[in-house]
Amino acid sequence: MKATILKYGLLMLTAGTICLTGCRKFLDESDPSNYTEDTYFTKPEHARASVNAIYQSLRAPLSSGFGGGAWTMTEFATGQAATDLGQAVSSYFIKDLNNTADNAYGESYWKNYYTGIANANLSLARIPGINMDKAEARRLLGEARFLRAWYYFNLIQMFGNIPLVTAPVDLNSDQLKPNQAPVEEVYKLIVEDLTTAEASGLPWADASGKVTMGAIKSLLAKVYLTMAGYPLQKGSQYFDLAAKKAEEVLDSKQYKLFASYNDLHNPAKKNIEENIFMIQFKTQVIPGDWQVLIIPYNKNISAYSSETGGIYATADFVKSYDPADLRAKEGQFFFTEFTNQDDRTQKVKLGGYFIYKLFDVVAQTTTANSDLNWSAIRYADILLVFAEAANEVSGPGAKAYDAVNQVRTRAQLPALTGLTQTQLREAIWRERWYELCFENITWFDMVRLRKAFNLTTKGFDNYVGHKFSYGPVLKERELLFPIPSRELRNNPNLVPTKGY
């Protein structure tokens, strides 16, 4: 129990400090069991616990139930997701392009990721003052910098002009109600954090799920690729940086594609092989609860009591796959039927294309308590990052072809060859759409490319003006999610997102 308190108690350090300060007029005695920032960071184990606390914010947006789940926000924004969960109004607002600043999903990301940033800032400020092994301190600071970069990278892509806070904040801080920073300044910090983390001495891989060198270099490759595109449009120099950083991951030989798509949702494959960086869950301790969103509404197929039909793929998206593509076949990325919970010899037609790549079979059929991690960066993504960036730098080449064809070979598709740079560019984009769907990646690709996949032509439309297969048309405002209205009320220095 003590370890648990240390691990997560830092999330409330600032609030605790405020309470202690306010109570001094009433109390003359200090309680040695009450921690403040000044009294907590005194031992090496405090450093480890403080960094552990930074990870917690990764999990929060994955929380799911009858109100939906924040993680679905970027999926509904692609136009490739459907839902039967009528009471999850935030899903419909985004899906139908009627979003507002009151959307609960955006608020969840903003609140939890800034909590993660605050905890990272605290660790980065206090760990250097602890008397501990210098190499271990450097590794811990590397983890903290990666996680801060992760949170800022996601927030800047989602919300655009956001506050940049890099030090602990208290009631007297001039950053208590910060102004928004230029986008380029936020990206500068992200790159600085990741390049500093590269020198931290972290191992290439770690089966425990902590930040690794592979995760750091993979995220940096994705950051450079994004900076090459919109909104910064830094172009060829940053495509080159992205290609070289992704190539380091490929050349490390630390990672490989799973032989079977079933391993994408196999708890025995946590943090190894294709899974470069995952958000950690553990059955009976902190189980992954997004399972209730990915099963059909009241079809009696699941051990979970809540069958919500919260998110599934549109038929138009699944039918746009090549008929030979293994990923679109039953029980690979999607499923349309499953066994009845009361009689597993009987099949139930589900009435839609539900997301099997996220499906915990044991939890759904027996335990109702998932042991599945959420994959945040996997090797297939980095193969495609390298292929795209390398093609932009020097056109089709053997190594770019090899990277994209590894992904296609697993899907039982023929190898690409003999393409022009433009043809290979769009072929790689299509692989990203098909391979990485429903992993909180596609919408970010749409925004950095300013492109949307046309499910009819199999080509790419301009983002603004693209029509979803079920009717709504993307406008310029949908290039960002709105800064939450609660944040606007609490901080008058924030400027509302254009169009909301």
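Here the structure is a predicted model, which is why all the values come from computation and not from measurement. Heavy atoms only: backbone and side chains are in, while hydrogens, waters and symmetry mates are out.
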Test side chain to side chain contact (heavy atoms under 4.5 Å, CB included) on Tyr92 and Leu85 and set out the steps. CA-CA 9 Å; Tyr92 285 91; Leu85 184 55; 5.6 Å; no
Run the side-chain hydrogen bond (donor to acceptor under 3.5 Å, both in side chains) test on Asn266 and Asn262 for me, step by step, so that the C-alpha distance in whole Å, both residues' side-chain angles and the decisive distance to 0.1 Å come before the verdict. CA-CA 6 Å; Asn266 179 0; Asn262 286 330; over 6 Å; no
Just do the ring pair (Phe, Tyr, Trp, His ring centres under 6.0 Å) check on Phe460 and Phe453 with the steps written out, would you? CA-CA 5 Å; Phe460 290 86; Phe453 187 43; 5.2 Å; yes
Give the intermediate values and the outcome of side chain to side chain contact (heavy atoms under 4.5 Å, CB included) for residues Phe334 and Lys329. CA-CA 7 Å; Phe334 311 101; Lys329 296 188 184 299; over 6 Å; no
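Note: Tyr312 and Tyr353 fail the aromatic proximity criterion, with ring centroids not under 6.0 Å apart.
In this structure, the side chain to side chain contact (heavy atoms under 4.5 Å, CB included) partners of Lys256, at least two apart in sequence or on a different chain, are Glu273. Take Ser306 and apply the side chain to side chain contact (heavy atoms under 4.5 Å, CB included) test, not counting sequence neighbours, and it matches Phe66, Val292, Thr308. Residues passing the side chain to side chain contact (heavy atoms under 4.5 Å, CB included) test with Ala221 are Lys245, Ala246, Val385, sequence neighbours excluded. A search for side-chain hydrogen bond (donor to acceptor under 3.5 Å, both in side chains) contacts involving Gln341 returns Arg344, not counting sequence neighbours. In this structure Asp371 satisfies the side-chain hydrogen bond (donor to acceptor under 3.5 Å, both in side chains) test together with Lys270, sequence neighbours excluded. Every residue two or more places apart in sequence or in another chain that forms a side-chain hydrogen bond (donor to acceptor under 3.5 Å, both in side chains) with Gln364 is listed here: Gln291, Ser302. Listed by chain and residue number, Glu136 satisfy the side-chain hydrogen bond (donor to acceptor under 3.5 Å, both in side chains) test with Arg139 (two or more places apart in sequence, or in another chain). Among residues two or more places apart in sequence or in another chain, the salt bridge (charged side-chain N to carboxylate O under 4.0 Å, His left out) test is passed with Arg408 by Glu431.
Salt bridge status for Glu143 with Lys210: absent, with no side-chain N to carboxylate O gap under 4.0 Å. A salt bridge is absent between Glu426 and Arg432; no separation between the charged side-chain nitrogens and carboxylate oxygens falls under 4.0 Å.
Looking at Thr212 and Asp206, their side chains never bring a donor and an acceptor atom within 3.5 Å of each other. Judged by distance alone, the side chains of Gln406 and Asp402 do bring a donor and an acceptor atom under 3.5 Å apart. In summary, the side chains of Ser375 and Glu439 do not present any donor paired with an acceptor at a separation below 3.5 Å, with no hydrogens or angles considered. Of the N and O atoms on the side chains of Asn369 and Thr283, at least one donor lies less than 3.5 Å from an acceptor on the other residue. Side-chain atoms of Ser320 and Tyr434 include a donor-acceptor pair closer than 3.5 Å.
Among pairs with a residue in residues 71-94, none fulfils salt bridge (Lys or Arg N to Asp or Glu O under 4.0 Å), at least two apart in sequence or across chains. For residues 362-408, the pairs satisfying ring pair (Phe, Tyr, Trp, His ring centres under 6.0 Å) are Trp71-Trp374, Trp290-Trp374, with sequence neighbours left out. Screening residues 292-321 for salt bridge (Lys or Arg N to Asp or Glu O under 4.0 Å) gives no qualifying pairs among residues at least two apart or on separate chains. Identified under the salt bridge (Lys or Arg N to Asp or Glu O under 4.0 Å) test for residues 216-226, with sequence neighbours left out: Glu198-Lys217, Lys217-Glu248, Lys222-Asp381.
Using cut-offs of 30° and 60° on the angle between ring planes, the pair Tyr321 and Phe317 is perpendicular. Below 30°, between 30° and 60°, or above 60°: for Phe277 and Phe146 the angle between ring planes is above 60°, a perpendicular geometry. Between Tyr356 and His265, the ring planes are perpendicular. Angles over 60° get that label, and only those under 30° would be called parallel.
For the pair Lys357 and Phe333, the cation sits on the ring face: its NZ or CZ lies under 6.0 Å from the ring centre, inside 45° of the axis.
Using a 4.5 Å cut-off on side-chain heavy atoms (C-beta onward), Phe468 and Gln80 make no contact. For the pair Ile295/Phe359, a side-chain contact is recorded, criterion being any heavy-atom separation below 4.5 Å from C-beta on.
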